[in-house]
Amino acid sequence: QVQLVESGGGSVQAGGSLTLSCAASGYLTSSYCMAWFRQVPGKEREGVATIDSTGVSSYADSVKGRFAISHDSAKNTLYLQMNSLKPEDTAVYYCAAERTYRRCVSSLYPNNYSYWGQGTQVTVSS
């Protein structure tokens, strides 16, 4: 089992920055993926960024150049640095993890991830 706990959400004005953190506990295999998703009411959960155990990352087109995903393996913590935030970035952000590498590599589809955090709200005002 893997437990994920997000933190760092909040309210910010457009153009501002926030950093989300996701503390992972439990057993991650040597080959794994971790990702950030987001969801607004009435819409499907959307993949934002993913990183695998080799350090390769992928991003949704909507956040490329503005967001950066990273993973500190020593702390077993996933981060999402969000810059130049826009009102359309407002959502609940979820951390996800998957231990079966071939299932999740470079994937931004929520069905490819088995473990989820509880979410943290990010609100960007114009």
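- How far OG1 of Thr19 is from CE of Met82: 7.5 Å, rounded to the nearest 0.5 Å.
- Put simply, CE on Met34 and OG on Ser53 are 11.0 Å apart, with the number rounded to the nearest 0.5 Å.
- Electrostatic pairing of Asp61 and Lys64 counts as a salt bridge here, judged by a charged N lying under 4.0 Å from a carboxylate O.
- Hydrophobic clustering of Ile, Leu, Val, Met, Phe, Trp and Tyr side chains at less than 4.5 Å, counting indirect connections, keeps Tyr59 apart from Leu108.
- The local environment of CD in Gln118 is crowded, with over 12 non-hydrogen atoms from other residues, nucleotides or ligands closer than 6.0 Å.
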Stepwise side-chain contact (heavy atoms from CB on, under 4.5 Å) check, Ile51 with Val56: CA-CA 6 Å; Ile51 189 167; Val56 174; over 6 Å; no
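- Pairing each heavy atom of Asn83 with each of Gln81, the nearest pair is OD1-NE2, 2.8 Å.
- In terms of heavy atoms, Ile69 sits closest to Ser57 at CG2-CB, 3.7 Å.
- The OG atom of Ser84 sits 9.0 Å away from atom CZ of Phe67, with the distance rounded to the nearest 0.5 Å.
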side-chain contact (heavy atoms from CB on, under 4.5 Å) between Thr54 and Tyr101, worked out: CA-CA 11 Å; Thr54 69; Tyr101 184 75; 4.1 Å; yes
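- For the pair Val122/Leu18, a side-chain contact is recorded, criterion being any heavy-atom separation below 4.5 Å from C-beta on.
- Among residues two or more places apart in sequence or in another chain, the side chain to side chain donor-acceptor pair (under 3.5 Å) test is passed with Ser70 by none.
- Formation of a donor-acceptor pair under 3.5 Å by the Asp89 side chain with backbone atoms of Lys86 is found in this model.
- Residues forming a salt bridge (charged side-chain N to carboxylate O under 4.0 Å, His left out) with Asp52 (at least two apart in sequence, or on another chain): none.
- Scanning for side chain to side chain donor-acceptor pair (under 3.5 Å) contacts around Tyr113 gives Thr50, with sequence neighbours left out.
- Here the closest heavy-atom approach between residue Val92 and residue Gly119 is recorded as CG1-CA, 3.8 Å.
- Applying the salt bridge (charged side-chain N to carboxylate O under 4.0 Å, His left out) test to residues at least two apart or on different chains, the pairs with a partner in residues 103-121 are Glu98-Arg103.
- The list of disulfide (SG to SG under 2.5 Å) pairs with a residue in residues 75-110, not counting sequence neighbours, reads Cys22-Cys95, Cys33-Cys104.
- When all heavy atoms of Val40 and Ala91 are compared, the pair lying nearest together is CG1-CB, 3.7 Å.
- Screening residues 48-80 for disulfide (SG to SG under 2.5 Å), with sequence neighbours left out, gives no hits.
- Take Asp72 and apply the salt bridge (charged side-chain N to carboxylate O under 4.0 Å, His left out) test, not counting sequence neighbours, and it matches no residue.
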Working for side-chain contact (heavy atoms from CB on, under 4.5 Å), residues Glu6 and Leu78: CA-CA 9 Å; Glu6 301 98 335; Leu78 182 71; over 6 Å; no
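- Hydrophobic clustering of Ile, Leu, Val, Met, Phe, Trp and Tyr side chains at less than 4.5 Å, counting indirect connections, unites Val48 with Val12.
- Residues satisfying the side chain to side chain donor-acceptor pair (under 3.5 Å) criterion with Tyr79, sequence neighbours excluded, are absent altogether.
- Legend: residues meeting salt bridge (charged side-chain N to carboxylate O under 4.0 Å, His left out) with Glu46, ordered by chain and number and at least two apart, are Arg38.
- Atom OG of residue Ser21 and atom CG of residue Leu80 lie 9.5 Å apart, to the nearest 0.5 angstrom.
- With sequence neighbours left out, Lys43 forms a salt bridge (charged side-chain N to carboxylate O under 4.0 Å, His left out) with no residue at all.
- Using a distance-only test at 3.5 Å, with no hydrogens or angles considered, no donor-acceptor pair links the side chain of Thr100 to the main chain of Arg102.
- Put simply, OG on Ser11 and CD on Gln121 are 7.5 Å apart, with the number rounded to the nearest 0.5 Å.
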Intermediate values then yes/no, ring pair (Phe, Tyr, Trp, His ring centres under 6.0 Å), Phe37 and Trp116: CA-CA 10 Å; Phe37 291 79; Trp116 293 85; 4.9 Å; yes
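- Atom OG1 of Thr120 is separated from atom OH of Tyr94 by 10.0 Å, given to the nearest 0.5 angstrom.
- Remark: Tyr115 engages Arg99 in a side chain to side chain donor-acceptor pair (under 3.5 Å) (not counting sequence neighbours).
- Every residue was checked against the ring-ring contact (aromatic ring centres under 6.0 Å, His included) condition with Tyr93, not counting sequence neighbours, and none meets it.
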